[in-house]
K.L.:
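After the structure tokens below, expect a handful of questions from me.
Naming convention: chains lettered A, B, ... in sequence-line order (proteins, then strands); numbering from 1 in each chain. Basis for what follows: all heavy atoms, side chains included, without hydrogens, waters or symmetry-related copies.
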2 protein chains.
Amino acid sequence: MTEGHIRREAVSDQLFALLRDRILGGALPPGGALTAERELAAEFGVNRHAVREAVKRLQQARLVEVSHGGRTQVLDWRRTAGLELAVGIAAADSGPTVQDIARDALEMRACIGADAARLCALRCSARAAAEIAAAVEAHAQAGPDLTDLDETYIAWWRLIVEGSGNIAYLLAFNSLVDGMIPVADVPADLGAGEILDVEAHRRLAGHISAREAGAAELLARELLARSVPAAPRARKGARR
Amino acid sequence: MTEGHIRREAVSDQLFALLRDRILGGALPPGGALTAERELAAEFGVNRHAVREAVKRLQQARLVEVSHGGRTQVLDWRRTAGLELAVGIAAADSGPTVQDIARDALEMRACIGADAARLCALRCSARAAAEIAAAVEAHAQAGPDLTDLDETYIAWWRLIVEGSGNIAYLLAFNSLVDGMIPVADVPADLGAGEILDVEAHRRLAGHISAREAGAAELLARELLARSVPAAPRARKGARR
DNA sequence: CGGAAAGACTGGTCCAACCAGTTGACCACT
DNA sequence: AGTGGTCAACTGGTTGGACCAGTCTTTCCG
């Protein structure tokens, strides 16, 4: 019973992850050609249809460019890949580390969150402001379990981002949340300095209700910046 | 010759776009079940593999959740979809308009761009700073063609975002660039107020070279804010 | 030497079948 | 009536092979 796996991952999903990591890790250099579908199918002993599904997903992630009749070309992910690939980059064994990506994500979170709080104070409805204030109390009464705390905290921020009325912020928020959650120990990292400061959350909700956009932005920025590590970054590979 | 289309879009791509728009447009409500693959294949007169490729992409975009044996469930894109879907949301006939999305994207661009300029001044190498300064001149000498101007301008900003050392910013930048370019008339919208102000670009490059992070951030924010429309937003559907 | 034709690739689509999970109805037993 | 198990009818997952539709390379003829 050394390997009694219950979880079964689809063949095309495994293949997608494998090829994605090869591209992000640099094993498949940009500008080069991806192995032909029939050849990949033979190499991994799977059907060509599974290969096609994986390649189609690579195409959607803008990691490759396929052309009917021609060869499938590997793109430079630094120029084409979208925000949703952050997790994959950390998984690849070359380039930035998980800590690097987590730090970058926290920086982006602070930047977007502060502006979202500002816009929320400017544009959200009175009902939305009341919901935000109520969510602070719900968060304050969340159980001692870190997972619960994390969940209520994310739900609270989601209300603010939704209240900002900016769909780009909302989508980026989604990308950050379910891109980082599985990677970093978010509750532990954020910890007491940010998540447990209920009083600051109350003040932020108050600024939003009072339409004090400037104050909301400053407080949000300060609150979110608490968790951004200030240490200088050390790259693994120092590529480029 | 009423419909002499030359463009041939792959069946799975058409199907993906169609289903995506149905979900984003609300025709397929969240929580409901997506039509079974075999049924979709029969309905559209295509092979089931084409349907599968489309559904697989919907899954990757976090618009649906598929489960082996069970039904494929439609998710709430407001809670799960990532930044790369902004273009699709604008394409859907319900909800936000293209102008709404463009405004949101410009707001996000200003937010990210300002912080990227700040971080670039703090962290980029001397060589990168020199490249940025050189790129300003390349942009200044770009042809009268708006497309060229746009291209050099984007290339210049890409250098700054890369110089910030924040991969999340870089990926978000990618998403914004090739998500908005095909939708909005970016060169026309940005216009003289921002793109043609070479002197401001020179000053920003100077701040970065001089490591004046605060000044770089302020100038970048002001520069990028010029193109953000200030008009209040009017929603089409006023959903929620 | 130039260019057109032929062949060998490439990805795109289809058909038909079967494997592998989930669901729910049905029936025997308690 | 309630409980439990069985089974048939779904669902998605995978396979094989065939063919269409483009691209690229080679070859051969003018």
K.L.:
Provide, to the nearest angstrom, the distance between the CZ atom belonging to Arg71(B) and the C1' atom belonging to dA9(D).
P.N.:
11 Å

K.L.:
In chain order, what residues pass the salt bridge (charged side-chain N to carboxylate O under 4.0 Å, His left out) check against Glu151(A), with sequence neighbours excluded?
P.N.:
none

K.L.:
Rounding to a whole Å, what distance do you find between Leu34(B):CG and dT11(D):P?
P.N.:
12 Å

K.L.:
Distance check needed: dT23(D) P versus Glu37(A) CD, whole Å only.
P.N.:
16 Å

K.L.:
Round to the nearest Å and state the distance from Leu15(A) atom CG to dG13(D) atom P.
P.N.:
15 Å

K.L.:
Measure the distance from CG on Leu40(B) to C1' on dG12(D) and round it to the nearest whole Å.
P.N.:
12 Å

K.L.:
At under 4.0 Å, does any side-chain N or O of Ser12(A) touch on OP1 or OP2 of dG13(D)?
P.N.:
no

K.L.:
Could you give all pairs that pass the side chain to side chain donor-acceptor pair (under 3.5 Å) test and reach residues 60-71 of chain A, with sequence neighbours left out?
P.N.:
Gln60(A)-Arg57(B)

K.L.:
Please list all pairs passing the ring pair (Phe, Tyr, Trp, His ring centres under 6.0 Å) test where one or both residues lie in residues 23-61 of chain A, with sequence neighbours left out.
P.N.:
His49(A)-His49(B)

K.L.:
Strictly under 4.0 angstrom, non-hydrogen atoms only: write out the protein contact profile of nucleotides 15-21 of chain D, one letter per nucleotide from the 5' end, B, S or -.
P.N.:
BBBBB-B

K.L.:
On DNA chain D, does the nearest nucleotide to Ser67(B) precede the nearest nucleotide to Gly70(A) from the 5' side, or the other way round? Give the residue.
P.N.:
Ser67(B)

K.L.:
Is there a donor-acceptor pair under 3.5 Å between the side chain of Thr72(A) and the backbone N or O of Leu34(A)?
P.N.:
no

K.L.:
Tell me, please, the opening and closing nucleotides of DNA chain C, 5' to 3', among those with an atom under 4.0 angstrom from a non-hydrogen atom of chain A.
P.N.:
dT10(C) to dG21(C)

K.L.:
Report the residues that fulfil salt bridge (charged side-chain N to carboxylate O under 4.0 Å, His left out) with Glu53(A), sequence neighbours left out, ordered by chain and then residue number.
P.N.:
Arg52(B)

K.L.:
Which residue pairs satisfy the ring pair (Phe, Tyr, Trp, His ring centres under 6.0 Å) criterion with at least one member in residues 80-112 of chain B, sequence neighbours excluded?
P.N.:
none

K.L.:
Between Asp100(A) (side chain only) and Thr97(A) (backbone N and O only), is there a donor and an acceptor less than 3.5 Å apart?
P.N.:
yes

K.L.:
Which pairs count as side chain to side chain donor-acceptor pair (under 3.5 Å) when at least one residue sits in residues 79-88 of chain A, sequence neighbours excluded?
P.N.:
none

K.L.:
Any side-chain N or O of Arg52(B) less than 4.0 Å from the OP1 or OP2 oxygen of dG12(D)?
P.N.:
no

K.L.:
Atom CD of Glu65(B) and atom P of dG12(D): how far apart are they, to the nearest Å?
P.N.:
14 Å

K.L.:
Taking only residues two or more places apart in sequence, or in another chain, which ones meet Arg158(A) in a salt bridge (charged side-chain N to carboxylate O under 4.0 Å, His left out)?
P.N.:
none

